[in-house]
Amino acid sequence: MSFLKVLMRNLVSGPSTDPFPFGDTFTPEALRGRVSFDATRCTTCRACEQVCAGDAIRFDNVPEGKRFLLWHDTCTFCGLCAFYCPQGALTMTTDWHLAHAQSDKYLMVEDGLIPSAECADCGSKYVAVAPTAKLFPRYDASPEEIESLRKFCPRCRRKQAAALVAAATAKKIA
Ligand code: SF4
Ligand code: SF4
């Protein structure tokens, strides 16, 4: 085909590529993009920090509790943190719009606070991340009862959990 024919055909049919960055482009549904963090689900087990391939995740102790920090610039988008998080607190989004100016590199973070609370029994400060029903299926207590353990510090929680199991077992035997 002659050059002029190809030119004419292309002029008539229009561009066959996406107009990005001046318009939308295709994003595959399974794309692993920016990681999103939900502090309300996090139990600070730190499994994500252990498996992170890019060493992008960090936990800091702050007066208000524990602060989660994920550096997008260091993240390799491997998805391991989301895969291993037992609480579903981390998810891979399809957002890949992470281009930024060098001066903004320290702003490219995903962060969240897991607040500390006062124990309902002894009054000491602790990070309020009690076991959930999902993590403790062996307890013979209702999910609400297990969830109520959230009000206690780890020390008092052990006592309360033992009482819960004892009460449930006694109910079963009776
Ligand atoms: S985000 Fe998930 S894996 Fe990471 S500390 Fe929280 S609960 Fe654990
Ligand atoms: S996607 Fe991979 S590199 Fe990125 S924060 Fe999660 S574990 Fe780390």
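Residue numbers count from 1 along this sequence. We count ligands from 1, going down the list as the structure has it; atoms in each ligand are counted the same way.
Counting only heavy atoms of the protein, atom 2 (Fe) of ligand 1 lies nearest to Cys85 SG, 2.3 Å. Looking from atom 6 (Fe) of ligand 1 to the surrounding protein, the closest heavy atom is Cys42 SG, 2.4 Å. In this structure, atom 8 (Fe) of ligand 2 lies nearest to the protein heavy atom Cys52 SG, 2.3 Å. Looking at atom 5 (S) of ligand 1, its nearest protein heavy atom turns out to be Arg46 N, 3.1 Å.
Around OH of Tyr106, the count of heavy atoms belonging to other residues, nucleotides or ligands within 6.0 Å does not exceed 12.
Side chains of Thr93 and Asp95: no donor on one and acceptor on the other come within 3.5 Å.
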| message | Could you go through Phe68 and Cys48, starting from their C-alpha distance and side-chain angles, then the distance that decides it, and tell me whether this counts as side-chain contact (heavy atoms from CB on, under 4.5 Å)? | response | CA-CA 11 Å; Phe68 169 94; Cys48 51; 4.2 Å; yes
Assess the residue pair Leu69 and Trp71 against the criterion (side-chain contact (heavy atoms from CB on, under 4.5 Å)); give the C-alpha distance rounded to whole Å, side-chain angles, the decisive distance to 0.1 Å, and a yes or no. CA-CA 7 Å; Leu69 203 63; Trp71 295 95; 3.8 Å; yes
For this session: Evaluate side-chain contact (heavy atoms from CB on, under 4.5 Å) for Phe59 paired with Ile114, printing each intermediate quantity in order.
Result: CA-CA 10 Å; Phe59 282 88; Ile114 303 103; 4.2 Å; yes
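Counting atoms of ligand 2 from 1 in the listed order, those under 4.0 Å from a heavy atom of Gly79 are 1 (S), 2 (Fe). Atom numbering of ligand 2 starts at 1 in the shown order; those under 4.0 Å from a heavy atom of Thr76 are 3 (S), 4 (Fe). Close contacts of ligand 1 with Leu90, meaning ligand atoms under 4.0 Å from a residue heavy atom, involve 1 (S). Every atom of ligand 1 with a heavy atom of Thr43 under 4.0 Å away is listed here by number and element: 6 (Fe), 7 (S).
Salt bridge status for Arg67 with Asp111: present, with a side-chain N to carboxylate O gap under 4.0 Å. With respect to Lys159 and Asp121, a salt bridge is recorded, a charged nitrogen being found less than 4.0 Å from a carboxylate O.
Proximity of Phe37 to ligand 1, defined as any heavy-atom pair under 4.0 Å, is confined to the side chain (atoms from C-beta onward). Of all the heavy atoms of Phe59, the ones lying under 4.0 Å from any atom of ligand 1 belong exclusively to the side chain. Heavy atoms of Thr74 found under 4.0 angstrom from ligand 2: none, in either backbone or side chain. Only the backbone of Thr44 comes within 4.0 Å of ligand 1, judged by heavy-atom distances.
Ring to ring, Trp96 and Phe26 are not that close: their centroids are 6.0 angstrom or more apart.
Which of Cys48, Gly54, Gly33, Cys81 comes nearest to atom 7 (S) of ligand 2 through a heavy atom is settled by distance: it is Cys81.
Paired with Arg34 under the rule side chain to side chain contact (heavy atoms under 4.5 Å, CB included), one option of His97, Glu110, Met108, Met92 passes, and it is Glu110.
At least one N/O/S atom of Cys75, whether from backbone or side chain, sits less than 2.8 Å from atom 4 (Fe) of ligand 2.
Residue contacts with ligand 1: Phe68 is excluded, as none of its non-hydrogen atoms falls under 4.0 Å.
The shortest non-hydrogen separation linking Arg157 to Leu149 is NE-O, 3.5 Å.
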